[in-house]
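A note on names: the letters A, B, ... follow the listed sequences, proteins ahead of strands, and every chain is numbered from 1.
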Amino acid sequence: MNQKNPLAGFRDGLGRFGDAVHDRWLSTPGWQRWVLYVLLIVGALLLPSESLAPIMSPYTDWATILFFPIGTYVVLAIGLNVVVGQAGLLDLGFVAFYAVGGYAMALIGTRLGWNFWLILVVGIGICALSGLTLGAPTLRLRGDYLAIVTLGFGEIIRITARNTDEIGGPNGIRGIPHPPSIEDFSLFGVNFSEVFGVDPFKYGNLNTHPYYYLLVALAVIVIILVKRWEKSRVGRAWAAIREDEDAAEVMGVPTFRFKLLAFAIGASIGGAMGVLWAAKSISINPNDFQFLLSATILAAVVMGGSGNLPGVMLGAFLVAWLPERFRGLQEYRMLIFGAVLVALMIFRPEGLLPSRQRKAELQEGTGGMGTLGAEVPGPDSQVEEVASK
Amino acid sequence: MLLEVKDIHVHYGKIEALKGISVEVNEGEIVTLIGANGAGKTTTLKTISGLRPLSSGNITFDGNDISKMPGHQRVVAGLGQAPEGRGVFPGMTVQDNLLMGAYTRSGDFSADLEEVYELFPRLKERRTQMGGTMSGGEQQMLAIGRALMAKPKLLLLDEPSMGLAPLIVQQIFSIIEEINRRGTTVLLVEQNAQQALKLAHRAYVLETGKVVKSAPADELLNDPAVQAAYLGGGVAHDLVEEAAGAPGSASAPEEPA
């Protein structure tokens, strides 16, 4: 491609390392994979440990930022990855579904006094429905046009919330109930709060740990579901749509229906996270759902390696963690953060841990990135086609 | 009659791209649509495969009116297409591309895969290679093979010669002939009119969204007007053909003389 320099060498080396890890993984027997999965979950549960705090987060409470922004961004990125990474639909208003989930929790919790678990289910349903509602008229658009409409939708939700006094207007909603607690939880005669110093199911205002565990549980369920979809006929259809929508249609893939499905699934995941986040936060207001959040999550997906789950999660972790880690640098931290993003896009344009498929799509150049990079057959090009007669 | 396209009109915004096109394809035939850039050939094909909506007119396939049927269902009905610009999935391996072609079917495709690999031995060699890393000719073979995986009754081919070297074009056209011999009806859109007319049984000449001529292919091949317009009849053309030493240069335009 370009002439050899140390940086390119480093880049290629990183790529080869990634491929080697990937190949090793593909040849890993099932039981070893399960061992690793269990280790990862245990690792995730141990992550809020105080011994990590001085390294990971010297300026803010580690367990707190582990729930928000880090954990929240990771779950949101997994949801957005279904839409952007798998189906190839550029969604700039993902925060809208997070907001719908948050408001569902806040409104139903404060007005109707329902239980968190019930609201979680209902909230996911509402978000899936709002995904379908937004998707049905807009998913006939492609690429840039879809991006603009979703961008608008994100803003409409926020501004509507701000201007609707019935749901608190700009002040938002306060007094959102926490999930129901189980106090003094013990398993096999081990009292958790005595032994580990944490009561894992006591949802109060003081300790973030229980919410973080809940988030890990949500993330694990979401990852299992998303992985299953990815490997199914649905996942193959998404990949085909992302790579060439017209070709997918003439292969017999009901493209519109599958795009709607991706939208609804992404919305549900964003909404579930919104419910959980609102249940911890006590109060929410429209300013929690700025466009910047959509952009950040999208950056996490693209930077981590759109379409590849571990990459996307790593991207989200970095995007959330880096600004917190360097909080001590005051205003300069955003400058550094920006520089890191730029550097990444120069040296790893395909993302930190891209899927092999995505790499091939990028190399092909034209249609590869789905609607992220495709030439968009908009009204103009169609007119040209005819005008050339 | 396998396919009957009757007086179809198609619009891009306010511009009328197809102004009442009628095309018929009988079972077992190779029919070609020829014409200049922008004549509406590709639009006709896209309308048949359901990628463009009809403004008026209707399309009957295998006895059923499919005018309003969405594209993906037309595949189930038996329409297979190798789209314009090949439309190979770049991030999938050759084999995955082929399996994508069988998306609407269930069961075991290994026999069909073997059949495609037999037609295109090249694809078998490259079965684990990513679609996007193949040459233009290989991608075209893949696009045709992929369409065959759906076991279509009618195969729609959009400019299979586009951007390919003459030798590869020859190769692909002879495979199309073979596919037809094995029982698949073919509707071929081509700018390379001479090659297409030599291959096809019947042809339609399209000009600015209308059919201006339809006749058996060899008749059109010898038609002076068609020669002048699409076959580059005349001295200059002969020189080019001789200079290039293109195979089959002795045929076509010179024949009537």
Side-chain angles (χ1 to χ4, degrees), chain A residues 85-86 88 140 142 232-259 306-308 350 354-370 373-375 377-389, chain B residues 10-18 36-40 42-43 46 49-52 70-77 79-93 96-97 99-106 129-134 143 146-147 149-150 156 158 207-209:
Chain A
Q86 300 203 44
R140 302 192 191 274
R142 291 189 185 180
S232 69
R233 270 172 75 79
V234 178
R236 282 173 61 214
W238 282 337
I241 292 168
R242 177 182 74 219
E243 296 191 5
D244 191 324
E245 196 174 329
D246 279 350
E249 181 80 22
V250 298
M251 294 300 106
V253 176
T255 52
F256 180 66
R257 212 178 305 159
F258 276 115
K259 289 198 290 180
S306 181
N308 190 29
E350 66 275 52
S355 63
R356 200 166 279 192
Q357 192 165 359
R358 176 66 70 162
K359 253 191 277 182
E361 289 167 24
L362 268 174
Q363 270 158 13
E364 212 243 357
T366 48
M369 277 289 264
E375 338 89 289
D380 294 343
S381 64
Q382 290 169 352
V383 171
E384 266 168 42
E385 193 177 313
V386 178
S388 65
K389 287 190 294 194
Chain B
V10 171
H11 288 78
Y12 288 105
K14 280 185 181 148
I15 299 165
E16 190 173 35
L18 300 187
N37 234 342
T42 292
T43 304
K46 280 189 172 169
S49 62
L51 294 175
R52 294 292 328 168
H72 60 268
Q73 287 176 14
R74 298 187 194 192
V75 183
V76 184
L79 272 168
Q81 188 181 4
E84 187 190 25
R86 306 189 263 275
V88 158
F89 300 116
M92 295 187 197
T93 62
D96 285 345
N97 261 284
L99 290 175
M100 211 49 229
Y103 190 82
T104 53
R105 301 170 55 208
S106 54
Q129 198 176 320
M130 292 285 188
T133 62
M134 308 225 294
R146 190 181 58 179
M149 287 297 290
L156 306 172
D158 198 348
E207 237 169 59
T208 57

Is the cationic atom of R233(A) (NZ for Lys, CZ for Arg) positioned less than 6.0 Å from the six-membered ring centroid of Y103(B) and within 45 degrees of its normal?
yes

How close do A247(A) and R146(B) get, counting heavy atoms only, and between which atoms?
CB-NH2, 4.0 Å

Quick one: closest heavy-atom pair of M100(B) and M251(A), and the distance?
O-CB, 3.8 Å

Please classify the contact between M92(B) and chain A as side chain, backbone, both or neither, with a heavy-atom cut-off of under 4.5 Å.
both

Between M130(B) and chain A, with a heavy-atom cut-off of 4.5 Å, which part of the residue counts as in contact: side chain, backbone, both or neither?
side chain

What do the steps show when you test V250(A) against R74(B) for side chain to side chain contact (heavy atoms under 4.5 Å, CB included), and what is the final call?
CA-CA 8 Å; V250(A) 298; R74(B) 298 187 194 192; over 6 Å; no

So how far is it from D246(A) CG to E84(B) CD, rounded to the nearest 0.5 Å?
10.0 Å

I'd like to know if the side chain of R236(A) and the backbone of L99(B) have a donor-acceptor N/O pair within less than 3.5 Å.
yes

Derivation and outcome, side chain to side chain contact (heavy atoms under 4.5 Å, CB included), residues F89(B) and R242(A)
CA-CA 9 Å; F89(B) 300 116; R242(A) 177 182 74 219; over 6 Å; no

Before giving the answer on side chain to side chain contact (heavy atoms under 4.5 Å, CB included), spell out for E249(A) and V75(B) the whole-Å C-alpha distance, their side-chain angles and the decisive distance to 0.1 Å.
CA-CA 9 Å; E249(A) 181 80 22; V75(B) 183; over 6 Å; no

Across all chains, not counting sequence neighbours, the side chain to side chain donor-acceptor pair (under 3.5 Å) partners of R257(A) are none

Pairs of heavy atoms under 4.5 Å with chain A: top-ranked of G71(B), P83(B), A143(B), A150(B)
G71(B)

